[in-house]
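First the structure, in the form of structure tokens, and then the observations on it.
Small disclaimer: the values here were computed from a predicted structure and weren't measured. All residue numbers refer to positions in the sequence shown, counting from 1. Counting starts at 1 for both ligands and their atoms, following the listed order.
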Amino acid sequence: MGALEVQEGFTELYGAEPEGVWAAPGRVNLIGEHTDYNDGFVMPFALPHVTTAAVARRDDGVLRLHSADVPGGPVELRIDDLAPQSDRNWTAYPAGVVWALREAGHEVTGADVHLTSTVPTGAGLSSSAALEVVVALALNDLYGPDLKGWQLARLCQRAENVYVGAPTGIMDQTASACCASGHALFLDTRDLSQRQVPFDLAAEGLRLLVVDTRVQHAHSDGEYGRRRTGCEKGAALLGVDALRDIPYDGLDAALAELAGEEEVTRLVRHVVTENERAERVVSLLEAGDIRSIGPILTEGHASLRDDFRVSCPELDLVVDTALASGALGARMTGGGFGGSAIVLTESSGVPALTKAIEQSFTDAGHRTPRVFEAVPSAGARRSA
Ligand code: GLA
């Protein structure tokens, strides 16, 4: 749906013109998984799929939220009543952003919001971050606190951690706010310093497929929190602020110190090796060598499957089938326990790979996965 339709939808709903229309994308992560809450490196890029918001200010303390993708009329809230973890619905994400802005001392006196999204939900492609970031950007423009992309990302992360109550890292919000078309974003999650790294797949005759398994295994939230706590325990046992502080060439010594701590050992090994993989990938991309990142992506999957243990049969099936059918590399992307995988392939390999993956799902009795090509796209912006 384009900016114009969202604008018209707003007018029909609220009986007045919006002050503007904004868009924020979902993301996939190329490498650097479960490193963002360890102060490590990540490398996401934005999808062409976006959440779009038409927004107008109000001055009476009322927040009205409507999504074209959810049945029913607008949900009306009083901004003075917004309180962390008081809302279990989708509205907690945009309301959390309003709460976080006000908590940070920025004036927001109300808003009418109409949303629509093409970001698949529940697919590990950051539909929640897109929703948070689009609302944050709109209110930033309209109310004028003039925050930069990384500051909006921090604010959205706070909305998600404190208001919604999900203990996620900073990657998804930063990706949605800061990515650039044709590039992957190399982000140091310790200080949010970033580099836009050219990632022009088509120019190299390559494609990157996203395979949404369309499964989300139960307890994924609890398991995410458990991995996070395990990593914090590892850092404490090793006497560092975060696992980021364990250098790759100090890994063996660190693991020796953790003797007897089987689970923590596996978690630490994943995080330290994943940071090293992210650094290798950024070097290769900056040298213009996209093809050579394939095996590193696959190594990353093995580490997430065997050490971090956040994969699942459907994700493993995508990766194994893709590799057996000629892909250059493949891995799960995002938090895991379902969601999506990415596959790097020569352009000519796309039809055969897609067919092989779909067939493997049919043979295993899984739902047909959604397969699409991911073109590195623009980050959040005003679109009207
Ligand atoms: C989810 C979280 C991110 C990050 C990834 C794993 O997407 O929202 O912060 O931790 O999982 O890399």
Fill in the blank from the handout: Atoms of ligand 1 under 4.0 Å from any heavy atom of Arg27, numbered from 1 in the order shown, are 7 (O)
Handout entry: Presence of salt bridge, Glu299 and Arg280, under 4.0 angstrom
Key = yes
Fill in the blank from the handout: Under 4.0 Å from one or more heavy atoms of Gly169, ligand 1 contributes atoms 9 (O)
Handout entry: Taking atom 8 (O) of ligand 1 as the reference point, the nearest protein heavy atom with its distance
Key = Asp172 OD2, 2.7 Å
Problem - Test of proximity, Thr35 against ligand 1: N or O pairs below 3.5 Å - result: no
Fill in the blank from the handout: Shortest non-hydrogen pair, Arg367 vs Phe361, comes out as O-CD2, 3.2 Å
Practice task
For atom 9 (O) of ligand 1, grab the closest protein heavy atom and report residue, atom and distance to one decimal in Å.
Solution key: Asp36 OD2, 2.6 Å
Problem - Under 4.0 Å to a heavy atom of Met171 - the qualifying atoms of ligand 1, by number - result: 4 (C), 5 (C), 12 (O)
Problem - Residue list, salt bridge (Lys or Arg N to Asp or Glu O under 4.0 Å) with Asp80, at least two apart or on another chain - result: Arg102
Handout entry: Contact summary for Phe10 and Ala56, nearest pair of heavy atoms
Key = CZ-CB, 3.7 Å
Please list every donor-acceptor pair under 3.5 Å in which a side-chain atom of residues 129-140 meets a protein atom from a residue at least two apart or in another chain.
unit_1 : atom_1 : unit_2 : atom_2 : d
Glu132 : OE1    : Gln173 : NE2    : 3.2
Asn140 : OD1    : Asp146 : N      : 3.0
Asn140 : OD1    : Leu147 : N      : 2.8
Asn140 : ND2    : Leu147 : O      : 3.2

Exercise for the section: Number the atoms of ligand 1 from 1 as they appear, then name those within less than 4.0 Å of a heavy atom of Tyr37, with their elements. Expected result: 10 (O)
Handout entry: Nitrogen or oxygen of His34 less than 3.5 angstrom from that of ligand 1
Key = yes
Handout entry: ILVMFWY network linking Val164 to Leu63, side-chain heavy atoms under 4.5 angstrom
Key = yes
